[in-house]
Amino acid sequence: MNDGLNFKLDNKAGEILREWWVGLENNKGDRAALQRCGEPLDAAFVPAYHWLFYKLSEQFSAEKGRKLRERILCVAPLVAAVKWQGGQDSGSGKSLPVQMASPLKGRQSAVSDLRFRRLLQCQSRDDLFPHLRRVIRLLDKRVDIYHLADDVYWWGDHRKRDWAHGYYQT
């Protein structure tokens with residue numbers, strides 16, 4: 001599960017993530033480069049990714065190394081795609097599956113049942129990456145950065161089960 005690093009508003013990883021995300025407002029070139037990433041590995045060529053990776057690896061030494069690097073490669077471009085709202089975090093604290101199931105612009109749900117099931121079929125973060133980029137756009141780039149980062153970082157069967165419960169209960 002997730003006994004180590006958790007991206008929550010009130011802990012160190014969440015603070016680092018928010019500081020990095022807010023800092024991208026002053027670094028629009030890196031934000032744009034991260035948003036253009038076609039796959040997670042592309043983020044390795046953007047300095048902002050390295051700042052986030054090293055800050056997290058300093059604070060969470062148990063997560064250091066390849067595991068952290070690979071997970072943050074996927075987290076960074078997705079969080080960079082979330083729209084800055086001048087001091088507010090996007091998404092109003094709602095979990096990603098709840099946002100996907102909630103109505104948006106007159107539709108029954110922001111993300112269709114079929115698209116949601118395709119997300120749940122993703123076995124790896126690399127598979128999940130392009131699907132989540134589309135979902136972020138469908139949600140008008142207003143996604144809770146903490147939930148997004150935590151879900152991508154800890155992607156696996158347990159997270160998929162949580163998503164299914166959240167989506168179908170909404």
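We're numbering straight along the sequence, starting at 1. Hydrogens, waters and symmetry mates play no part in the numbers below; they use all other heavy atoms, side chains included.
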Lys160 side chain to Cys122 main-chain N or O, any donor-acceptor pair under 3.5 Å?
yes
Working note: Lys28 + Glu25, criterion salt bridge (Lys or Arg N to Asp or Glu O under 4.0 Å); need CA distance, chi angles, decisive distance, verdict.
CA-CA 6 Å; Lys28 296 194 187 287; Glu25 260 317 281; 3.0 Å; yes
Quick one: closest heavy-atom pair of Gly166 and Pro97, and the distance?
C-CB, 4.1 Å
Determine whether Phe7 and Val152 make a side-chain contact, defined as any pair of heavy atoms from C-beta on separated by less than 4.5 Å.
no
Co-membership, hydrophobic cluster, residues Tyr49 and Trp51, 4.5 Å side-chain:
yes
Any side-chain heavy atom of Tyr167 within less than 4.5 Å of one from Met100?
yes
Quick check for you: to the nearest 0.5 Å, what is the distance between Leu56 atom CG and Arg69 atom CZ?
12.0 Å
Starting from Tyr146, can I reach Val98 by hopping between I/L/V/M/F/W/Y residues whose side chains sit under 4.5 Å apart?
no
Before you tell me yes or no, could you show the steps for Gln99 and Val143 under side-chain contact (heavy atoms from CB on, under 4.5 Å), namely the whole-Å CA-CA distance, both residues' side-chain angles and the distance that decides it to 0.1 Å?
CA-CA 8 Å; Gln99 280 189 270; Val143 175; 4.1 Å; yes
For Tyr168, which residues count as a ring pair (Phe, Tyr, Trp, His ring centres under 6.0 Å) partner, sequence neighbours excluded?
Phe116
Please name all residues satisfying side-chain hydrogen bond (donor to acceptor under 3.5 Å, both in side chains) with Asp151, sequence neighbours left out, ordered by chain then number.
Arg159, Trp163
For the side chain of Gln35 and the backbone of Leu78, is there at least one donor-acceptor N/O pair under 3.5 Å apart?
no
So, using salt bridge (Lys or Arg N to Asp or Glu O under 4.0 Å) as the criterion, who are the partners of Arg161 when residues are at least two apart?
none
Any heavy-atom pair between the side chains of Lys55 and Ile16 that's under 4.5 Å?
yes
Are Arg71 and Trp155 in a cation-pi contact, defined as NZ or CZ under 6.0 Å from the six-membered ring centre and within 45° of the axis?
no
Is there a path of hydrophobic side-chain contacts, each under 4.5 Å between heavy atoms of I/L/V/M/F/W/Y residues, joining Phe60 to Trp21?
yes
Decide yes or no for Asp144 and Ser95: does some side-chain heavy atom of the first lie under 4.5 Å from some side-chain heavy atom of the second?
no
Under the side-chain hydrogen bond (donor to acceptor under 3.5 Å, both in side chains) rule, collect the residues that match up with Ser124, sequence neighbours excluded.
Asp127
Only pairs under 3.5 Å count here: list side-chain donor-acceptor contacts from residues 128-140, not counting sequence neighbours, and write none if there are none.
from	atom 1	to	atom 2	distance (Å)
Arg133	NH1	Cys37	O	2.0
Asp140	OD1	Lys105	NZ	3.2

Salt bridge (Lys or Arg N to Asp or Glu O under 4.0 Å) contacts touching residues 108-126 (sequence neighbours left out)
Asp113-Arg117
I'd like to know if the side chain of Asp150 and the backbone of Asn6 have a donor-acceptor N/O pair within less than 3.5 Å.
no
Donor-acceptor under 3.5 Å (Trp20 side chain, Ala76 main chain):
no
Determine whether Gln59 and Tyr54 make a side-chain contact, defined as any pair of heavy atoms from C-beta on separated by less than 4.5 Å.
no
Hey, what do you get for CG (Leu73) to CG (Leu52), rounding to the nearest 0.5 Å?
10.0 Å
Calculate, to the nearest 0.5 Å, the distance between atoms OG1 and NE2 belonging to Thr170 and His165 respectively.
12.5 Å
Measure the CG-OG distance between Leu5 and Ser57 for me, rounded to the nearest 0.5 Å.
10.5 Å
Quick check: does any side chain N or O of Glu15 sit under 3.5 Å from a backbone N or O of Asp10, one acting as donor and the other as acceptor?
no
Are Phe45 and Val75 linked, directly or through other ILVMFWY residues, by side chains that come within less than 4.5 angstrom of each other?
no
